[in-house]
Amino acid sequence: MLVMPPNKVMTAAEAVARFVHPGNVLGMGGQNIGRCPMALTHEIIRQRVGGLTVVGCNLSLSMDQLAAAGLIRRTECGTGNLERFGTTFSWRRGIENGTIEIEDYSHLAMVSRFLAGEMGLPFMPVRSLLGSDILWAPDGAPKPGKAVITENPWDPAERVVLVRALQPDVSIVHAQRADAVGNVIIEGFATHEPEMMRASQHVIVSCEELVTTDEIRAHPERTTIPFMYVHAVVVQRYGAFPTSTYAYYDYDGGQIGAYQDAARTGSPAIDEYLRRHVWGCGTFDDHLHLATDADRLTTLTHAMQELM
Amino acid sequence: MLVMPPNKVMTAAEAVARFVHPGNVLGMGGQNIGRCPMALTHEIIRQRVGGLTVVGCNLSLSMDQLAAAGLIRRTECGTGNLERFGTTFSWRRGIENGTIEIEDYSHLAMVSRFLAGEMGLPFMPVRSLLGSDILWAPDGAPKPGKAVITENPWDPAERVVLVRALQPDVSIVHAQRADAVGNVIIEGFATHEPEMMRASQHVIVSCEELVTTDEIRAHPERTTIPFMYVHAVVVQRYGAFPTSTYAYYDYDGGQIGAYQDAARTGSPAIDEYLRRHVWGCGTFDDHLHLATDADRLTTLTHAMQELM
Amino acid sequence: MSRETPHLAPFSRQELMVIEAARQLRDGDIVFVGTGLPMLATTLAQRTHAPDVVMVIESGVIAPQVRPTPISVSDPKAMYRAMKLGTLREVLGCLLQRGLIDVGFVGGAQIDRYANINSTQIGPPGAMKRRLPGSGGANDMASHCRRLLIITHHEKRRFPERCDYVTSPGFLDGPGGRARVGLNPDFAVTVVTDLAVMENDPRTCALRIVRLMPGITVEDVRAETGFRPDVAPDLREVPPPDAEVLDRLRHDVDPGRVYLKSEDAVPTAGR
Amino acid sequence: MSRETPHLAPFSRQELMVIEAARQLRDGDIVFVGTGLPMLATTLAQRTHAPDVVMVIESGVIAPQVRPTPISVSDPKAMYRAMKLGTLREVLGCLLQRGLIDVGFVGGAQIDRYANINSTQIGPPGAMKRRLPGSGGANDMASHCRRLLIITHHEKRRFPERCDYVTSPGFLDGPGGRARVGLNPDFAVTVVTDLAVMENDPRTCALRIVRLMPGITVEDVRAETGFRPDVAPDLREVPPPDAEVLDRLRHDVDPGRVYLKSEDAVPTAGR
């Protein structure tokens with residue numbers, strides 16, 4: 001029996017302490033420079049929850065900071081990169097020096113795995129990956145357990161790949177709005193998040209605004225994810241900074257660039273970045289104080305409003 | 001290359017003549033007493049497009065009128081009924097006298113078939129149907145082609161059913177709003193329609209209101225189905241009458257009951273109903289004139305508004 | 001078959017059946033529910049002992065505050081102030097098959113000794129006598145819920161030894177039946193009727209009588225059952241309704257008596 | 001490698017590469033596109049000869065009217081006035097894998113003789129030298145589009161005989177390769193670079209030179225290609241840009257020169 005607690009609102013510190021554990025499979029929300037769950041990521045780093053398997057489609061800034069902090073054992077994803085801002089340097093370094101295991105998929109294959117997970121199915125067919133090296137292990141041998149090539153029983157000439165369901169232990173997502181019982185509204189693009197959230201055993205949502213359940217009930221067609229899937233709601237204005245939150249604020253290229261400069265060079269610059277911006281901050285608001293100011297945040301807000 | 005015609009708006013008569021052909025697999029929108037595509041159904045009856053295989057999850061009033069008109073060769077669905085208003089009598093009669101073939105599924109199995117269809121996959125796993133007689137042919141023998149029981153390759157003790165993808169030749173759906181290029185907004189509950197529409201080779205949408213493409217672009221997160229899937233837009237106020245359209249008008253129990261009375265008794269009452277209400281009407285507006293009046297429609301509109 | 005509790009407000013057996021079904025729901029349960037008596041009983045539970053029961057309806061409705069009296073899963077009264085209006089896939093796939101529904105709650109058709117349900121046809125495959133509506137979401141509920149609640153009028157033709165057609169799986173052919181075909185064996189069934197409450201015997205998987213409606217005997221139940229149900233060792237009588245609960249049912253849940261039968265709404269003492 | 005068309009406005013080879021790529025799109029094409037040069041070229045096509053080209057972006061964006069200059073698939077400038085903002089599954093599953101995308105348009109990494117693409121790693125499996133970002137949606141585009149358009153700077157290390165790692169399938173090992181692994185054999189590839197346009201030879205499946213940038217010779221191209229591309233019988237020169245088109249590119253599509261390199265924006269005549 002799933003109980004509906006009347007109030008799932010808690011601090012990021014409480015949410016991470018309760019729901020993110022060493023060795024977890026962590027589903028990562030956001031994409032590239034959009035809606036990365038930075039406040040929740042910082043809290044995981046602050047609590048040094050390690051040995052994580054980070055899963056998602058595109059993994060970018062939040063994943064790379066976890067990698068920089070040495071908390072990632074493995075990733076399963078479609079890409080790691082930040083497009084115009086370069087690659088995810090800490091992740092790349094971890095893969096190249098052997099501290100991070102990787103399992104590559106295409107974006108569609110990853111979302112198909114979440115689709116199987118959210119529907120309670122053990123696998124999902126997909127017609128991508130055929131003929132590619134993604135199907136195989138790094139040594140070129142068939143990789144047992146990753147994917148199975150099978151025939152269409154109704155047309156044996158047709159082949160499909162079966163990929164295995166993925167149900168993260170916990171997913172972290174930054175959304176625009178949520179209510180206290182955990183109904184979540186994602187505005188604009190939603191990437192792989194709906195499937196991933198519904199597939200997860202636990203979901204922590206940070207949000208720009210807490211709305212009343214009456215507001216949720218007034219527009220039930222706007223609810224992206226109903227409360228059953230969500231275990232903690234963390235109210236954090238600018239919780240995706242320096243990435244953007246659609247309809248709220250644009251990304252901050254300067255701050256993303258500052259992180260990338262440190263990540264590109266590696267130690268000690270990256271350790272110093274994390275020390276100042278994460279471990280040196282008691283909360284994400286402290287980080288915002290350090291990394292930006294009210295004028296800049298207003299500018300980012302206006303930049304987004306101008307695009308609406 | 002899919003061309004985007006600047007204007008897909010046409011009459012029901014044009015849309016049915018162009019896109020619904022004898023022997024087609026017809027995807028049916030709506031559920032029970034909600035948003036049945038009655039205007040489009042009447043037009044199919046008026047043009048006597050026969051030999052149809054009607055597919056959907058719950059099939060109700062619109063399907064039964066097609067059955068009453070002798071246009072259905074076969075159905076593939078989860079249920080045929082009208083709940084409080086009784087069963088779908090013409091359909092039941094057709095099955096019992098052998099003029100309508102049936103292929104039974106559960107609702108989840110049907111939507112899984114549309115899910116496979118919309119994703120371009122040959123089949124979809126489902127964990128329903130196991131152990132039931134739905135898997136088998138009416139004579140009790142395994143039914144080749146309907147479903148395949150297979151093992152989870154990652155856990156051979158676990159069994160799933162594979163159901164075959166379903167891509168209707170044409171689907172008919174009544175929605176609240178659409179623009180001229182075919183972007184569709186379904187408000188409120190959406191049943192199996194999104195998967196079915198995206199799986200279909202052609203889609204005809206009737207709508208209560210035509211909106212501008214600028215209005216679509218102003219709220220892109222509200223678009224249910226983008227234009228690529230939609231081939232004809234028929235503007236028809238009260239196009240689901242006597243079933244309801246969420247946010248627009250409630251169902252008309254009197255008119256549903258009048259049809260059910262005729263359908264329950266069969267010939268000649270049901271033929272007379274169709275003669276008066278469909279073949280005797282040049283358009284669906286003529287039917288509305290015959291079956292209801294402005295006061296009644298205002299009452300149904302108010303009844304719905306009171307629930308919003 | 002007479003009821004002799006004159007100190008209470010008169011009530012019909014159908015009313016007590018709905019009330020007893022409502023009692024089966026625990027606060028916080030997420031219930032997958034169809035219209036009719038299942039929705040009546042679930043709404044009643046919400047308005048009495050279990051305010052945080054959550055309804056999920058196959059048309060895509062999550063957590064509505066149902067207004068009286070919806071006659072369909074697509075009735076806007078069943079969607080009133082929902083927390084989400086979505087799609088059939090989201091509720092049947094991402095909640096039910098995903099394992100997030102606590103209770104599946106269906107109305108009856110044929111139910112056999114092993115709680116298999118037939119809502120497809122009267123007469124076996126190949127020799128159909130009457131076509132019924134079909135599965136709808138019932139097969140999905142019976143396949144994926146750990147707990148299935150059935151409410152139905154108790155009459156012999158509804159309780160055959162073996163269903164003509166298994167639309168929705170109960171325990172199939174008995175112990176181990178579900179596991180053998182690949183269904184989750186963690187499964188329990190409660191059938192609430194106007195004569196009794198039956199539950200599966202954990203050992204034999206067969207339905208047995210666990211409670212009797214006031215004034216009803218085991219033999220009364222057996223006379224209206226096509227198989228011979230055992231009797232649970234702790235057989236008890238269904239408690240009569242609280243006046244308050246009865247009042248809620250009559251005035252808040254189905255005030256128009258859309259599903260509550262008017263002919264026996266206020267039965268005479270001698271009924 | 002000099003350009004000698006003095007009657008036209010000066011333009012860089014990168015600008016002409018984008019313009020030539022835009023020319024590959026036909027009005028009405030539904031194009032699955034990433035950020036960077038593919039989005040620049042697609043936007044340019046919309047603003048010149050093909051106003052009804054429809055962009056689809058993997059983050060869930062359908063038919064936006066892109067504002068200059070998006071630097072990411074999740075940049076709100078790439079979502080401006082979209083017809084729908086949805087999910088990755090809707091665009092990669094229900095449009096791309098469903099077969100409703102006409103052209104997949106990707107930026108380059110390694111591309112080999114048979115148009116296989118590597119965006120995963122430098123060095124073969126088991127002997128990785130440099131990790132690259134990975135597939136993203138590129139494998140999906142190459143698997144499901146009937147037409148794949150690639151835009152990339154032309155240099156030898158980007159055009160190996162055989163990719164170290166096949167992230168996204170071209171023709172694999174040549175004729176019949178796609179059919180043998182179960183991919184749709186109805187497939188065509190166009191590679192637009194700053195030196196030439198290459199397309200798959202319909203017979204051999206290998207990339208061959210079909211057009212040369214102004215002033216570029218076949219030997220110039222071969223010198224920068226790791227395999228030896230054949231030359232199509234109807235080899236032509238890429239036409240120089242219309243002044244109007246060049247103006248649109250510079251002032252409407254990437255006015256901030258986010259992707260257009262400033263160093264060779266207005267090349268001198270002797271370049």
Side-chain angles (χ1 to χ4, degrees), chain A residues 30-35 57-58 77-85 87-88 91-92 95-96 102 104-109 111-112 114-115 126-134 136-140 149 158-160 187-195 243-244 246 250-251 253 304 307-308, chain D residues 34-36 57-61 67 71-77 79-80 82 85-89 92-93 96-97 116 118-121 124-140 142-144 163-169 172 177-178 180-184 258-259:
Chain A
Q31 180 164 18
N32 299 105
I33 57 157
R35 275 199 302 98
C57 283
N58 166 265
C77 64
T79 42
N81 77 330
L82 267 159
E83 293 175 303
R84 189 64 182 166
F85 292 98
T87 195
T88 37
W91 177 70
R92 185 174 80 179
I95 295 168
E96 292 177 357
I102 45 160
D104 278 297
Y105 289 90
S106 71
H107 277 4
L108 177 58
V111 86
S112 297
F114 291 128
L115 177 63
V126 65
R127 295 198 297 103
S128 298
L129 308 186
L130 289 163
S132 80
D133 287 326
I134 299 176
W136 315 116
D139 66 358
I149 299 176
E158 190 181 352
R159 257 177 281 180
V160 293
E187 292 184 62
F189 72 107
T191 75
H192 64 297
E193 292 167 336
E195 287 80 7
T243 66
S244 65
Y246 183 83
D250 209 344
Y251 66 93
M304 180 61 80
L307 290 164
M308 289 297 103
Chain D
T35 40
I57 305 171
E58 67 173 35
S59 47
V61 183
R67 289 264 295 260
I71 55 139
S72 165
V73 293
S74 59
D75 189 326
K77 293 188 184 72
M79 301 176 193
Y80 186 65
L85 294 176
T87 67
L88 197 146
R89 185 181 84 81
L92 282 169
L96 183 61
Q97 186 171 251
N116 303 300
N118 173 18
S119 57
T120 300
Q121 62 181 42
M128 182 186 63
K129 295 192 193 102
R130 171 105 289 184
R131 172 67 198 195
L132 305 175
S135 160
N139 173 280
D140 307 310
S143 298
H144 306 302
C163 280
D164 291 337
Y165 182 108
V166 176
T167 308
S168 305
L172 297 170
R178 287 178 68 92
R180 273 193 293 278
V181 300
L183 291 168
N184 188 352
V258 174
Y259 288 100

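These values consider heavy atoms only, across backbone and side chains, with no hydrogens, waters or symmetry-generated copies. So you know, we letter chains A, B, ... as the sequences are listed, proteins then strands, and number each from 1. Given the structure is predicted, the values throughout are model-derived calculations rather than measurements.
Put simply, CG on A:Leu130 and NE2 on D:His144 are 8.5 Å apart, with the number rounded to the nearest 0.5 Å. Here CZ of A:Phe114 is found 10.5 Å from CG of D:Leu88. Values are rounded to the nearest 0.5 Å. For the atom pair OG1 (A:Thr191) and CG (D:Leu85), the distance works out to 12.0 Å, reported to the nearest 0.5 Å. With rounding to the nearest 0.5 angstrom, the CG atom of A:Asp133 is 8.5 Å from the CD atom of D:Gln121. The CZ atom of A:Arg159 lies 10.0 Å from the CZ atom of D:Arg180; values are rounded to the nearest 0.5 Å. A distance of 10.0 Å separates OG of A:Ser132 from CG of D:Asn116, quoted to the nearest 0.5 Å.
Only the backbone of D:Leu132 comes within contact range of chain A, judged by heavy atoms closer than 4.5 Å. For D:Lys77, the parts lying near chain A are the backbone and the side chain together; criterion is any non-hydrogen pair under 4.5 Å. Both the backbone and the side chain of D:Ser72 have a heavy atom closer than 4.5 Å to some heavy atom of chain A. The part of D:Arg67 that comes within reach of chain A is its side chain, from C-beta onward, which places non-hydrogen atoms under 4.5 angstrom from that chain. For D:Ser143, the part sitting under 4.5 Å from any heavy atom of chain A is the side chain, from C-beta outward, and nothing else.
A donor-acceptor pair is defined here as one N or O able to donate and one able to accept, closer than 3.5 Å; no such pair exists between the side chain of A:Glu83 and the backbone of D:Thr35. D:Asn139 contributes a side-chain N or O that, together with a main-chain N or O of A:Leu129, makes up a donor-acceptor pair within less than 3.5 Å. Remark: side-chain polar atoms of A:Arg127 are paired, donor with acceptor, to backbone N or O of D:Gln97 under 3.5 angstrom. Although no hydrogens or angles enter the test, the distance criterion places no donor-acceptor pair under 3.5 Å between the side chain of D:Arg130 and the main chain of A:Glu96.
Ranked by non-hydrogen atom pairs under 4.5 Å with chain D, the options A:Ser112, A:Gly30, A:Gly131, A:Cys57 are led by A:Gly131. Of all the listed residues (D:Ser168, D:Ser74, D:Ala82), the one sharing the greatest number of non-hydrogen pairs under 4.5 Å with chain A is D:Ser74. In terms of heavy-atom pairs under 4.5 angstrom with chain D, the leader among A:Asn81, A:Asp104, A:Val160 is A:Asp104. Among D:Gly36, D:Pro169, D:Gly60, D:Pro76, the residue making the largest number of heavy-atom pairs under 4.5 Å with chain A is D:Pro76. Of the listed residues (D:Ile71, D:Thr87, D:Val258), the one with the most heavy-atom contacts under 4.5 Å to chain A is D:Ile71.
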Can you check side chain to side chain donor-acceptor pair (under 3.5 Å) on D:Ser135 and A:His107, steps first, answer last?
-> CA-CA 7 Å; D:Ser135 160; A:His107 277 4; over 6 Å; no
Chi angles and distances behind the side chain to side chain donor-acceptor pair (under 3.5 Å) call for D:Ser59, A:Gln31 = CA-CA 7 Å; D:Ser59 47; A:Gln31 180 164 18; 4.6 Å; no
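When side chains are defined from C-beta on, A:Leu307 does not count as touching D:Met79, because their heavy atoms never get closer than 4.5 Å. Looking at A:Trp91 and D:Arg131, their side chains come closer than 4.5 Å, going by heavy atoms from C-beta outward. A 4.5 Å side-chain heavy-atom check between D:Thr167 and A:Ile134 finds at least one atom pair inside the cut-off.
Closest of all the heavy-atom pairs between A:Ile95 and D:Met128 is CG2-CE, 3.7 Å.
Relative to the ring axis of D:Tyr259, A:Arg84 places its NZ or CZ within 45° and under 6.0 Å from the centre.
No hydrogens or angles considered: a donor-acceptor pair under 3.5 Å links the side chains of D:Asp140 and A:Ser106.
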